[in-house]
Student: 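Starting off with a structure, shown below.
Predicted model only: the values in this text are computed from it and were never measured.
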Amino acid sequence: MTARQFWLDEVPLNRGHRSASDTPSIRGGGQVLQRPAAQLHGTRYQHVLAARVPSRVTVDLNRPCRSFDAVVGLDDYGVTYGEVVFSVQGDDGRVLWSSPAMSADTPPVAVHVPLDGRTSIRLVVTPVRGSVPVVDLADWAQARLTC
């Protein structure tokens with residue numbers, strides 16, 4: 001079977017309800033934006049899922065998927081003071097991947113998470129404890145599922 005890629009800026013965004021579709025869909029916690037492009041640390045990236053900090057976004061896979069890949073960082077055009085941590089959690093709440101603490105000066109970080117046996121994942125961005133809490137947009141760029 002040929003693998004198919006789903007870009008997260010193109011999949012259906014369902015505000016709070018799980019989709020009955022056979023294609024992936026997104027349930028957003030907080031404000032979620034699907035954007036064709038964004039700039040992180042001076043570099044332009046396409047296929048962006050942007051979220052206000054803090055955020056917790058659930059991606060329902062709705063089919064067997066192999067992996068989730070993205071590049072994460074803070075949006076160059078947001079108001080950013082402080083640090084955040086990006087993480088990908090499984091449907092059981094277990095952390096599958098986590099970034100170091102990231103600020104506006106931190107270069108983007110690549111994400112690769114195997115998804116075998118998963119039905120959903122959560123994309124989570126949290127402010128670092130003790131950090132100045134004004135962080136506008138956190139970007140999951142080139143965000144895609146391979147199913």
Side-chain angles (χ1 to χ4, degrees), residues 3-16 18 23-147:
R4 180 170 174 200
Q5 290 194 344
F6 294 91
W7 296 101
L8 292 191
D9 67 322
E10 297 174 350
V11 302
L13 180 60
N14 301 312
R15 299 279 181 198
R18 187 177 187 99
T23 61
S25 62
I26 296 170
R27 289 183 280 151
Q31 188 171 356
V32 179
L33 306 168
Q34 293 173 298
R35 301 167 62 197
Q39 191 159 313
L40 289 80
H41 205 253
T43 301
R44 183 179 166 88
Y45 292 91
Q46 295 181 317
H47 301 289
V48 178
L49 184 69
R52 301 275 182 210
V53 178
S55 65
R56 181 184 203 93
V57 178
T58 300
V59 180
D60 294 314
L61 304 178
N62 299 326
R63 62 177 31 222
C65 291
R66 296 179 189 168
S67 62
F68 168 71
D69 293 276
V71 176
V72 297
L74 296 175
D75 196 283
D76 284 359
Y77 300 110
V79 177
T80 307
Y81 303 100
E83 296 178 308
V84 300
V85 172
F86 290 81
S87 64
V88 178
Q89 298 176 357
D91 39 13
D92 57 1
R94 190 171 63 103
V95 175
L96 306 174
W97 177 89
S98 184
S99 75
M102 299 180 73
S103 69
D105 296 329
T106 307
V109 175
V111 179
H112 175 77
V113 178
L115 298 179
D116 293 334
R118 302 268 170 212
T119 58
S120 66
I121 57 172
R122 277 183 234 119
L123 307 180
V124 180
V125 184
T126 54
V128 172
R129 186 178 175 146
S131 181
V132 177
V134 181
V135 179
D136 196 16
L137 282 180
D139 292 334
W140 300 83
Q142 294 177 316
R144 68 192 176 279
L145 297 165
T146 302
C147 301

Student: So, taking the atom named CZ in Arg4 and the one named SG in Cys65, what distance separates them when rounded to the nearest 0.5 Å?
Tutor: 10.5 Å
Student: Testing Val125, Val84, Val109 for side-chain contact (heavy atoms from CB on, under 4.5 Å) with Val72, which one passes?
Tutor: Val109
Student: Closer than 3.5 angstrom, by distance alone: can the side chain of Gln34 be matched with the main-chain N or O of Val11 as a donor-acceptor pair?
Tutor: yes
Student: Write down the atom of Val88, the atom of Trp140, and the distance for their closest heavy-atom approach.
Tutor: CG2-CZ3, 3.9 Å
Student: Do side-chain atoms of Ser87 reach the backbone of Val95 as a donor and acceptor pair under 3.5 angstrom?
Tutor: no
Student: Could you tell me the separation between the CG atom of Asp91 and the CD1 atom of Ile121, rounded to the nearest 0.5 Å?
Tutor: 9.5 Å
Student: For Thr126, what residues pass the side chain to side chain contact (heavy atoms under 4.5 Å, CB included) criterion, not counting sequence neighbours?
Tutor: Val85, Val124
Student: Heavy atoms only: give me the nearest Ser67-Leu115 pair and the separation to one decimal.
Tutor: C-CD1, 3.5 Å
Student: CG of Leu96 to NE2 of His112: how many Å apart, nearest 0.5 Å?
Tutor: 11.5 Å
Student: Hey, what do you get for CG (Asp139) to CG (Leu49), rounding to the nearest 0.5 Å?
Tutor: 8.5 Å
Student: Parallel, tilted or perpendicular: which describes the rings of Trp7 and His47, with under 30° parallel and over 60° perpendicular?
Tutor: parallel
Student: Spell out, as yes or no, whether a donor-acceptor pair under 3.5 Å connects the side chain of Asp76 to the backbone of His41.
Tutor: yes
Student: Can you confirm whether Arg63 is buried at CZ, in the sense that more than 12 heavy atoms of other residues, nucleotides or ligands lie under 6.0 Å from that atom?
Tutor: yes
Student: Ignoring hydrogens and angles, tell me if any N or O in the side chain of Asn62 forms a donor-acceptor pair with the backbone of Thr23 under 3.5 Å.
Tutor: yes
Student: Does the distance from a Lys or Arg side-chain N to an Asp or Glu carboxylate O, for Arg144 and Asp9, drop under 4.0 Å?
Tutor: no
